[in-house]
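For clarity, every value in this text was computed on a predicted model and none was experimentally measured.
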Amino acid sequence: ILGGMEEIQSFIKSGRGIIVKPRFGNGSKGIKIWDNRNLKSLRYDPDKYIYQKFEKFHKEFTSVVMKDDQRIVSFGVLERKLSEGRTIWCKRVCAKPYEKILKSIARELNTPYVNIQFGIGKNGIFVFDLHSRFSGSTSIFSRIFNGPDLLVQKALTASMPKFITSRKYFEST
């Protein structure tokens with residue numbers, strides 16, 4: 001949300017919620033949802049927080065795309081369920097339906113590893129978070145390909161090592 005407190009209040013008054021996420025910190029820790037119940041006590045601080053429109057999704061996903069310079073070498077998608085901003089359950093799903101959008105986003109970013117979080121709602125796919133850090137889901141994605149290890153090997157040898165992207169499907173809690 002770029003329109004400041006006025007846009008936030010207007011959105012909340014329309015009956016929708018706002019996600020308030022600390023700009024710096026530990027991933028999803030500290031996430032709050034603002035709605036009509038706390039409209040009068042809201043404090044807007046764009047230097048400390050990111051403000052997003054809260055969307056209800058039929059399904060929510062997190063994905064990772066790994067690049068070797070501009071060449072995409074692997075990607076994986078997990079359907080997930082959240083509690084207080086953290087993944088509490090996930091399962092690997094077929095990435096093919098999301099391949100075009102994930103690759104398109106990753107190609108535009110100058111980072112070898114990107115986590116793309118998205119949901120499917122009534123209006124289609126909605127990307128709501130992008131980051132290039134290793135997150136809490138990194139260990140789960142290592143069952144598909146081990147991004148941190150591959151990037152260290154590339155840094156040490158100046159070339160992407162050969163690796164195999166797992167084809168196994170799994171669930172994790």
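Two residues are said to be in side-chain contact when any heavy atoms from C-beta on lie closer than 4.5 Å; Tyr113 and Met66 meet this criterion. Taking 4.5 Å as the limit, every side-chain heavy atom of Val20 sits out of range of all side-chain heavy atoms of Tyr44. Residues Ser137 and Asn115 are in side-chain contact: their nearest non-hydrogen atoms beyond the backbone lie under 4.5 Å apart. Side-chain contact between Lys59 and Val93: absent, with no pair of heavy atoms (C-beta onward) separated by less than 4.5 Å. Side chains of Leu130 and Phe118 form no contact here, defined as non-hydrogen atoms less than 4.5 Å apart. Side-chain atoms of Thr62 and Phe141, non-hydrogen and from C-beta on, do get closer than 4.5 Å to each other. You'll find the side chain of Asn146 stays beyond 4.5 Å of the side chain of Phe163, heavy atoms only. No side-chain heavy atom of Arg143 sits less than 4.5 Å from a side-chain heavy atom of Arg92.
Between atom CD of residue Glu79 and atom NZ of residue Lys81 there is a gap of 7.0 Å, rounded to the nearest 0.5 Å. We find the CZ-CD1 distance between Arg16 and Ile8 to be 14.0 Å, quoted to the nearest 0.5 Å. Here the NE2-CD distance, from His131 to Gln117, works out to 4.5 Å after rounding to the nearest 0.5 Å. Going from atom CD of Gln70 over to atom CZ of Arg107 covers 9.0 Å, rounded to the nearest 0.5 Å. Between the CD1 atom of Ile18 and the CD1 atom of Ile33 there is a distance of 10.0 Å, given to the nearest 0.5 Å. Expressed to the nearest 0.5 Å, how far CD of Glu99 lies from CD1 of Ile101 amounts to 12.5 Å.
The distance between the ring centers of Tyr98 and Phe75 does not fall below 6.0 angstrom.
Hydrophobic clustering (side-chain heavy atoms under 4.5 Å, transitive across Ile, Leu, Val, Met, Phe, Trp, Tyr) groups Leu151 together with Val73. When the side chains of ILVMFWY residues are joined at heavy-atom separations under 4.5 Å, either directly or via intervening members, Phe145 and Phe134 end up in a single hydrophobic cluster. Residues Ile144 and Val65 do not share a hydrophobic cluster, defined by chaining ILVMFWY side chains whose heavy atoms lie under 4.5 Å apart. Under the 4.5 Å side-chain heavy-atom criterion for ILVMFWY residues, a single connected hydrophobic cluster contains both Leu109 and Val127. Neither Ile31 nor Phe128 shares a network with the other; the hydrophobic side chains, linked directly or stepwise wherever heavy atoms of I, L, V, M, F, W or Y lie under 4.5 Å apart, form separate groups for each.
Looking at Lys103, its side chain never comes within 3.5 Å of a backbone N or O of Ile72 through a donor-acceptor pair. Without hydrogens or angle criteria, Ser142 side chain to Ser139 main chain gives a donor-acceptor distance under 3.5 Å.
Of all non-hydrogen atoms in Arg23 and Asp47, the two that sit nearest each other are CD-O, 3.5 Å. Contact between Arg43 and Tyr51 at its shortest, heavy atoms only, is O-OH, 3.9 Å.
Atom CD of Glu171 has more than 12 neighbouring heavy atoms from other residues, nucleotides or ligands inside a 6.0 Å radius. Residue Leu156 places its CG atom among more than 12 non-hydrogen atoms of other residues, nucleotides or ligands, all under 6.0 Å distant. Around NZ of Lys154, the count of heavy atoms belonging to other residues, nucleotides or ligands within 6.0 Å exceeds 12. Heavy atoms from other residues, nucleotides or ligands lying under 6.0 Å from CG of Asn110 number 12 at most.
With Phe61 as the fixed residue, the side chain to side chain contact (heavy atoms under 4.5 Å, CB included) test singles out one of Ile120, Ile116, Leu102: Ile120.
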